[in-house]
Protein chains: 2
Amino acid sequence: MQRIRNMGLRLTPQRIAILEYLDGNVNHPSAEEIYNAVAKKYPTISFATVYNTLETLKRKKGILELTIDPRRRRYDPNTEPHHHIICVQCRKVADVHADFDLRLPESNVEGFKVLSKQVEFYGICPECDNQN
Amino acid sequence: MQRIRNMGLRLTPQRIAILEYLDGNVNHPSAEEIYNAVAKKYPTISFATVYNTLETLKRKKGILELTIDPRRRRYDPNTEPHHHIICVQCRKVADVHADFDLRLPESNVEGFKVLSKQVEFYGICPECDNQN
DNA sequence: TTATTAAGTTAGAATTAATCAAAATTAATA
DNA sequence: TATTAATTTTGATTAATTCTAACTTAATAA
Ligand SMILES: [Mn+2]
Ligand SMILES: [Mn+2]
Ligand SMILES: [Zn+2]
Ligand SMILES: [Zn+2]
């Protein structure tokens with residue numbers, strides 16, 4: 001948790017609780033899921049704090065904000081480059097670890113400066129597939 | 001516009017207007033942008049109709065719904081497989097036409113059935129880049 | 001220690017995108 | 001031209017996220 005201090009942030013119980021919940025979490029939780037989990041141990045925490053903290057961590061590159069679910073943002077403590085697949089039925093998000101070659105043909109980007117990239121897969125997870 | 005009928009849909013002025021606006025449009029507009037554009041020529045159209053029509057067209061595979069902008073959904077009349085880049089500053093979305101090899105190592109997907117895939121690039125567009 | 005204070009938290013209101021429900025309208029057809 | 005199922009409309013509703021302003025606290029330095 002010294003990590004928080006190294007980012008130039010104050011070490012608060014709320015931040016500790018949020019980071020503890022996220023640490024090693026591969027479920028790509030939404031803000032609400034984070035709130036619910038943290039509120040169990042820390043009942044007075046507010047949504048605003050969850051959003052504030054996620055925004056701060058995102059800016060400090062401590063987490064990733066995923067845009068793979070059209071309904072809500074998902075958060076990922078794994079900031080290493082990797083990809084994702086979402087189940088279009090239950091909206092579960094899983095990691096896709098594969099090393100794709102995503103370099104662009106110079107001409108192609110209309111002069112954009114590329115900051116990051118990732119592949120998004122859409123599909124049906126095994127659990128949902130069973131139910132059909 | 002016979003295209004609408006071929007989908008088994010009724011040919012309404014609202015749908016014609018929406019499709020005319022989308023046809024050949026490479027700006028990946030949001031529902032609001034579509035509403036505003038169509039409302040100019042067809043002032044009585046409602047948001048519900050825009051959303052209904054987009055949902056219907058999406059189901060019939062007549063358009064794509066993009067999840068690249070965390071704030072709002074974007075729509076794309078180009079249903080050919082291609083990729084996108086979004087300017088993280090002004091949120092402009094541009095096409096990326098490139099043929100990436102996105103096949104997954106069997107083992108890797110945890111049993112998901114893949115339905116579709118696309119690469120998302122994040123960056124800064126030339127216009128925004130100038131302003132810095 | 002204690003005092004100071006900028007940073008962080010909180011509750012609740014506000015905003016925004018998207019969905020829903022029910023009544024009114026209309027395109028397609030026979 | 002009448003019928004009717006599909007579509008549109010309005011307005012309310014839901015849900016995610018942001019905002020505001022008052023309150024609290026972690027960090028620091030005397
Ligand atoms: Mn991940
Ligand atoms: Mn496109
Ligand atoms: Zn699933
Ligand atoms: Zn831009």
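Within every chain, numbering begins at 1; the chains are lettered A, B, ... in the order of the sequence lines, protein sequences first and strands thereafter.
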Whole-Å distance separating the [atom1] atom of [X] from the [atom2] atom of [N]:
X: B/Arg71; N: C/dA18; atom1: CZ; atom2: P; answer: 12 Å
X: A/Glu32; N: D/dA15; atom1: CD; atom2: C1'; answer: 9 Å
X: A/Tyr35; N: D/dT17; atom1: OH; atom2: C1'; answer: 15 Å
X: B/Gln14; N: D/dT9; atom1: CD; atom2: C1'; answer: 9 Å
X: A/Arg15; N: C/dT10; atom1: CZ; atom2: C1'; answer: 14 Å
X: B/Asn52; N: C/dT25; atom1: CG; atom2: P; answer: 18 Å
X: A/Leu54; N: D/dA16; atom1: CG; atom2: C1'; answer: 13 Å
X: B/Ile16; N: C/dT26; atom1: CD1; atom2: P; answer: 14 Å

### Closest-nucleotide 5' rank along DNA chain C - winner of A/Phe47 and B/Arg72
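Nearer the 5' end of the strand: A/Phe47.
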### Message
Once you apply a heavy-atom cut-off of 4.0 Å, does B/Thr12 come out as touching a base, just sugar-phosphate, or nothing?
### Response
sugar-phosphate
### Message
Base, sugar-phosphate or nothing for B/Thr44? Non-hydrogen atoms, less than 4.0 Å.
### Response
sugar-phosphate
Tabulated below should be each protein N or O lying under 3.5 Å from an N or O of nucleotides 22-25 of chain D; please produce it.
residue : atom : partner : partner atom : Å
D/dT25  : O2   : A/Arg10 : NH2          : 2.8

### Non-neighbouring partners of A/Lys58 that pass salt bridge (charged side-chain N to carboxylate O under 4.0 Å, His left out), sequence neighbours left out
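Testing A/Lys58 for salt bridge (charged side-chain N to carboxylate O under 4.0 Å, His left out), a comparison that skips the adjacent residues, returns A/Glu55, A/Glu65.
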Given [options], the nucleotide with the shortest approach to the side chain of [X]:
X: A/Tyr51; options: C/dT10, D/dA16, C/dA17; result: D/dA16
X: B/Ala31; options: D/dA26, D/dA27, C/dA18; result: C/dA18
X: A/Ala48; options: D/dA16, D/dC19, D/dT9; result: D/dC19

### Query
Does the separation of the ring centres of A/His83 and A/Phe100 fall below 6.0 angstrom?
yes
### Query
Ring centroid separation for B/Phe121 and B/His84, is it under 6.0 angstrom?
no
N/O donor-acceptor pairs under 3.5 Å from side chains in residues 32-39 of chain A, not counting sequence neighbours:
residue : atom : partner : partner atom : Å
A/Glu32 : OE1  : A/Arg72 : NH2          : 2.4
A/Glu33 : OE1  : A/Ser30 : N            : 2.8
A/Glu33 : OE1  : A/Ser30 : OG           : 3.3
A/Asn36 : ND2  : A/Glu32 : O            : 3.3

### Task
Determine: side-chain N/O of A/Thr49 to OP1/OP2 of C/dT10, distance under 4.0 Å, yes or no.
yes
### Task
Could you tell me whether A/Glu20 and A/Lys41 have a side-chain N and a carboxylate O separated by less than 4.0 Å?
no
### Query
Using 4.0 Å as the upper bound for N to carboxylate O, is an ion pair formed by A/Asp76 and A/Arg74?
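Salt bridge: no.
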### Query
How about B/Thr49 and B/Ser46: does a side-chain donor come under 3.5 Å of a side-chain acceptor?
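The answer is yes; a qualifying pair exists.
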### Query
In terms of the nearest nucleotide of DNA chain D, which residue is placed more toward the 5' end: B/Ile45 or B/Pro70?
B/Ile45
